[in-house]
Amino acid sequence: MVCNPRMICALGIVILLSAALGPTLAVEQQDVSLPGIMKSFSFRAIGPARQNGRVLHVVVNEKDPYNYYIAPSTGGFWKTVNNGTTFTSLLPGQSMVPIGHAAIAPSDPNVLWVGTGDAASGRIPLRGFGIWKSVDAGNTWTHMGLTETRHIGRIAIHPKDPNTVYVAAVGYHFSFNAERGLYKTVNGGKTWEKSLFISDKVGVVDVVIDPLN
């Protein structure tokens with residue numbers, strides 16, 4: 001890869017652009033193995049440049065694709081409303097907290113859920129402190145509990161009811177605790193029930209809702 005010297009390679013989000021738009025980050029075919037049509041694309045880093053390493057999640061408002069959110073591996077939850085030209089750090093005062101997963105309610109893009117604690121943090125447990133909810137597209141946040149789950153792997157929101165939410169909770173990585181399993185709320189997080197619990201040694205890392213049923 002040939003990198004613009006004003007940019008930091010491999011940081012932030014990479015977006016595919018048509019070669020006709022002119023590359024900022026050029027891909028040389030002899031150096032990079034890309035399948036088929038990918039070889040005709042160029043890449044442009046759109047930030048945030050100082051958030052190093054991998055980007056864990058990109059959450060897009062399907063009704064406004066220029067408006068999306070990212071969670072970098074270094075922590076925090078960021079928002080852009082101009083297709084990546086600028087980013088704003090959300091969760092004020094907690095910009096370094098690791099994010100396990102984030103989701104937008106399909107029926108209401110103003111409703112956001114963010115679960116903290118990287119579910120795949122390996123030897124070093126990047127713990128979180130539960131789940132947060134916003135009903136105004138990230139301007140304000142309310143903590144909705146599940147603090148002791150510590151690592152949240154996935155959030156699944158009912159496609160028609162933003163108050164029905166499932167949370168896959170891993171629990172502590174290197175010890176046992178009962179706050180793990182699959183949690184469910186039908187009242188927007190006011191109360192939670194444990195929909196699936198196997199033992200204090202077994203967590204849940206993923207959950208998917210069938211969109212047809």
Side-chain angles (χ1 to χ4, degrees), residues 3 7-15 43-61 66-105 109-157 165-175 177 179-180 183 189 192 203-207:
C3 299
M7 293 188 173
I8 303 173
C9 295
L11 304 186
I13 293 181
V14 175
I15 188 170
F43 299 83
R44 178 168 64 92
I46 60 175
R50 296 188 65 83
Q51 296 298 316
N52 67 330
R54 59 202 167 98
V55 172
L56 298 175
H57 305 290
V58 180
V59 187
V60 182
N61 178 356
Y66 282 70
N67 179 346
Y68 56 87
Y69 306 81
I70 70 165
S73 64
T74 46
F77 194 57
W78 298 73
K79 178 180 181 179
T80 179
V81 296
N82 49 27
N83 203 28
T85 302
T86 60
F87 285 86
T88 301
S89 178
L90 304 180
L91 298 178
Q94 302 162 53
S95 61
M96 298 301 291
V97 64
I99 303 300
H101 193 243
I104 297 177
N110 289 315
V111 177
L112 293 168
W113 289 83
V114 173
T116 62
D118 189 349
S121 50
R123 297 180 182 180
I124 302 173
L126 303 177
R127 294 176 183 166
F129 48 91
I131 194 164
W132 292 78
K133 177 185 178 183
S134 173
V135 296
D136 54 12
N139 292 317
T140 60
W141 295 87
T142 303
H143 188 259
M144 305 307 296
L146 304 185
T147 301
E148 291 300 316
T149 60
R150 294 306 177 192
H151 301 274
I152 290 176
R154 189 73 63 183
I155 301 168
I157 307 173
V165 181
Y166 298 84
V167 175
V170 179
Y172 280 88
H173 278 186
F174 302 115
S175 62
N177 70 317
E179 291 79 16
R180 60 177 75 212
Y183 285 84
W192 297 90
V204 174
V205 73
D206 207 350
V207 58

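Only heavy atoms go into these numbers, but all of them, side chains included; no hydrogens, no water, no symmetry mates.
- Here OG1 of Thr85 is found 9.0 Å from OH of Tyr66. Values are rounded to the nearest 0.5 Å.
- Between Ile99 and Leu91, the closest side-chain pair of non-hydrogen atoms falls below 4.5 Å.
- A donor-acceptor pair under 3.5 Å is absent between the side-chain atoms of His151 and the main chain of Val170, judged by distance alone.
- The two residues Ala119 and Val205 have their closest heavy-atom pair at CB-CG2, 4.0 Å.
- The shortest distance between side-chain heavy atoms of Trp141 and Leu112 falls below 4.5 Å.
- Of all the heavy atoms in Thr86 and Thr80, the pair that sits closest is O-OG1, 2.8 Å.
- Classified by interplanar angle (parallel below 30°, tilted 30° to 60°, perpendicular above 60°), the ring pair Tyr69/Phe77 is parallel.
- Ring geometry for His143 against Phe129 counts as parallel: the plane angle stays under 30°, on a 0 to 90° scale with 60° as the upper cut.
- For the side-chain contact (heavy atoms from CB on, under 4.5 Å) with Tyr68, the qualifying choice from Val81, Val59, Asn83 is Asn83, the only one to do so.
- The minimum heavy-atom distance linking Asn177 with Gly171 is given by the pair OD1-CA, 3.7 Å.
- Partner of Tyr172 under the side chain to side chain donor-acceptor pair (under 3.5 Å) criterion, chosen from Glu148, Arg127, Glu179: Glu148.
- Nearest heavy atom pair, residue Lys133 against residue Val111, reads CE-CG1, 4.4 Å.
- Between Asp118 and Pro98, the shortest heavy-atom distance links the atoms N-CB, 4.0 Å.
- Atoms CD1 and OG1, on Ile131 and Thr116 in that order, are 8.5 Å from each other to the nearest 0.5 Å.
- Minimum heavy-atom separation, Ser134 to Thr140: OG-O, 2.9 Å.
- Note that NZ of Lys79 and CG of Asn61 are 8.5 Å apart. Values are rounded to the nearest 0.5 Å.
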Practice prompt. Take Tyr183 and Thr149, measure what side chain to side chain contact (heavy atoms under 4.5 Å, CB included) needs, and give me the verdict at the end.
Written response: CA-CA 10 Å; Tyr183 285 84; Thr149 60; 3.9 Å; yes
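- Taken from CG in Leu56 to CG in Leu126, the straight-line distance is 9.0 Å, to the nearest 0.5 Å.
- Between Trp132 atom CH2 and Leu90 atom CG the span is 12.0 Å, to the nearest 0.5 Å.
- No donor-acceptor pair under 3.5 Å is formed between the side chain of Trp78 and the backbone N or O of Pro72.
- Expressed to the nearest 0.5 Å, how far CZ of Arg154 lies from NE2 of His57 amounts to 6.5 Å.
- The shortest side-chain heavy-atom distance between Val135 and Asn110 does not fall under the 4.5 Å cut-off.
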